[in-house]
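Accompanying notes for the structure given below.
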Amino acid sequence: MAKSKLCYCGSGKLFDDCCVQIHQGLRVAATPEELMRSRYTAYAINNLSYIPQSSLFMAE
Ligand SMILES: [Zn+2]
């Protein structure tokens, strides 16, 4: 397992420092953009269990 791959969301940050922390509840998305990135990444890694709970944070 390579730990240094970039996040799928295109932020340029390492995967382990980016959306995965939101997926695991280590931190909350600070902006709507970050939330959308985390949802995209969840699709990209097939982490479908994250999608329904993340929708709770959507404003609309
Ligand atoms: Zn990301």
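Just so it is clear, the values below take in all heavy atoms, side chains as well, and ignore hydrogens, waters and symmetry mates. Both ligands and their constituent atoms are indexed starting at 1 by order of listing.
A salt bridge (charged side-chain N to carboxylate O under 4.0 Å, His left out) check over residues 20-30, counting only residues at least two apart or in different chains, returns the pairs Arg27-Glu34.
Side-chain contact check for Ser38 versus Cys9: every heavy-atom pair is 4.5 Å or farther apart. No side-chain heavy atom of Ile22 sits less than 4.5 Å from a side-chain heavy atom of Val28.
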Exercise for the section: Please assess Tyr8 against Ile45 for the test side chain to side chain contact (heavy atoms under 4.5 Å, CB included), listing each intermediate value before the final yes or no. Expected result: CA-CA 8 Å; Tyr8 294 98; Ile45 65 175; 3.1 Å; yes
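Annotation: the span from Cys7 atom SG to Lys13 atom NZ amounts to 8.0 Å, rounded to 0.5 Å.
The side-chain contact (heavy atoms from CB on, under 4.5 Å) test applied to Ala42 returns His23, Asn47, Tyr50, Ile51, not counting sequence neighbours.
Counting only protein N, O or S atoms closer than 2.8 Å to the Zn ion (ligand 1) gives 4.
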